[in-house]
Amino acid sequence: MEKAAQIQMLTDFSNANAVPGFEHEFVKMFVDRIEPYADIEIDGMLNVYASKKENQGKRPVIQLDAHSDAVGFMTQAVRPNGLLKFVPLGGWVKYNIPGTKVKVRNKEGVYIPGVVATKPPHFMAAGEGDKVPEIAEMQIDVGSSSRKETLEVFKIDTGCPIFVDVDCQYNEQTEVFFGKDFDDRFGAAVMVNLLAELQGKQTNLDVVCALSSQEEVGLRGAYVTARKIKPDVAIVLESCPADDTFEPDWLSQTGMKRGPMLRDMDKTFIPNPVFQQYVCELADQRKIPYTRSVRTGGGQDGAAIYYENGAPTIVIGIPVRYEHSPYCFASYQDYQASLALALAIVEDLTVEKLASFKQPRL
Ligand SMILES: [Zn+2]
């Protein structure tokens, strides 16, 4: 895929509106992109199964995973003043929320612009501006003056999803993207790109790219995809939080322009160590930069895939600065390196190598 086409795809993917349970817009965009290279199936949870066209069946299966949803909000109730009481979808911290520009998808499917309202300093008591309100006390204003107007004119009510509204920008000179939802649209783009590169080519294993829904609310889609695919080996393509702007260099384990991160541990997951070592050696051979990370928090679809049938699994993380906030940075070269690594694994893996991951030795 040409660089310009990759950048266009990444920009489009970032701009798509998709929060847990409401992934439709991005699922359609993803399917349109991957369909030339795959046979597609979509389940009722909006998980997408894209099976490489050259798959033969009866061979071990490698599952690639990325998730379609991104963090957002849901309308809980319309307040008497017409503003929305909302709940978070996914892992937000409250100080990242006030002032965020959003879009509310109303009951007719129309996107209504709004903002997480903040009280002007003019009305604050002494010291009030130093505190961040609880999310339950925050409200979204769509420009309505009453509950009746919100319900009847804006057609917004309980259950309407709310999306962060940020346009993706790409800096040609620095090759850095600035926008929202790179977690995990960059991972999804790797799957499209990978199948495009492998179009018409045979691999040693069958390849199924699964786009899972509802990851941000507990890996829910991936439990289903893994149960259906029953992979023999899996690669999770996740966009992972970068720490390079707030950790000292010796402790920084995921940094922009340092290549993909291979996760050694997070709260829910430890990779198969032989598979992990094989991937590190392959990256060294191909001169693909990477970092390794030991995290005490976080989690990703690898845990769900593991729990299903114990398939050797690793995570390739594309570094994203300020993840789970409205505004993020990510670099093209990290995307390219992540794609190169995923491609190298899929092309190099054999049934024999896969068997070696399951031997009780290190
Ligand atoms: Zn993610």
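Predicted model, so just to flag it, every value in this text is computed and none were measured. Just follow the structure's listing: the first ligand is 1, and inside any ligand the first atom is 1.
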Donor-acceptor check, side chain of Asp165 to backbone of Lys103, threshold 3.5 angstrom: yes or no? no
Answer yes or no: is there a donor N or O on one side and an acceptor on the other, between the side chain of Gln253 and the main chain of Val294, under 3.5 Å? yes
Can a donor-acceptor pair be found, under 3.5 Å and without considering hydrogens, that links the side chain of Lys53 to the backbone of Gly200? no
Take the Zn ion (ligand 1) and tell me which protein N, O or S atoms are nearer than 2.8 Å. His67 NE2, Asp183 OD1, Glu238 OE1, Glu238 OE2
Check whether any side-chain heavy atom of Leu343 sits under 4.5 Å from a side-chain heavy atom of Leu198, and report yes or no. yes
Measuring centre to centre across the rings, with the benzene-like ring taken for any Trp, is Tyr322 within less than 6.0 Å of Tyr327? no
Using atom types as modelled and distance alone, determine if a side-chain donor or acceptor of Tyr37 lies under 3.5 Å from a backbone N or O of Asn193. no
